[in-house]
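Below is one structure, written out as structure tokens; the observations come after it.
Quick caveat, the model's predicted, so the values are computed rather than measured.
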Amino acid sequence: MEVARKRKGMTQEQLTAAIGEKWPSVVSRAIRGDQSPKSKRVREKIYRVLGL
């Protein structure tokens, strides 16, 4: 996920805005593999934005 984000030239803040989340820390936890329901939903949004 990090590699795909960097290939698209996005910062984590830009990715956070692109998926409509308010806090970059939520996105960071999702990227690192947190298993909470919120992180799983955020990961699905990230996959859609990055085309994974």
Side-chain angles (χ1 to χ4, degrees):
M1 212 177 313
E2 279 291 312
V3 173
R5 179 183 61 81
K6 288 181 182 179
R7 283 186 182 154
K8 288 219 175 209
M10 296 178 88
T11 64
Q12 190 164 321
E13 289 80 17
Q14 290 169 328
L15 179 60
T16 300
I19 64 171
E21 287 296 323
K22 187 175 180 179
W23 304 106
S25 60
V26 172
V27 175
S28 178
R29 283 194 301 268
I31 290 172
R32 286 183 287 155
D34 182 45
Q35 292 299 310
S36 72
K38 171 107 176 150
S39 290
K40 289 178 183 179
R41 287 191 302 270
V42 169
R43 264 194 300 280
E44 288 299 319
K45 292 180 185 179
I46 292 170
Y47 294 151
R48 274 188 251 126
V49 168
L50 297 179
L52 299 176

Of the non-hydrogen atoms in [X] and [Y], which two are nearest, and what is the gap between them?
X	Y	result
Q12	S28	NE2-CB, 3.2 Å
P24	T16	CA-OG1, 3.6 Å
S39	A30	O-CB, 3.6 Å
M10	A18	CE-CB, 3.9 Å

Check whether R43 reaches the backbone of D34 with its side chain - one donor and one acceptor, N or O, closer than 3.5 Å. yes

Do you reckon V3 sits in the same ILVMFWY cluster as V42, going by side-chain contacts under 4.5 Å, direct or chained? no

Does a salt bridge link K38 with E21, judged by any charged N lying under 4.0 Å from a carboxylate O? yes

Test: E2 and R5 ion pair at under 4.0 Å: yes

Rounded distance [0.5 Å steps], CG in L50 versus NZ in K45: 13.5 Å

Quick check: do K8 and L15 have side-chain heavy atoms less than 4.5 Å from each other? no

Hey, are the side chains of R32 and R29 touching, using non-hydrogen atoms and a 4.5 Å cut-off? yes

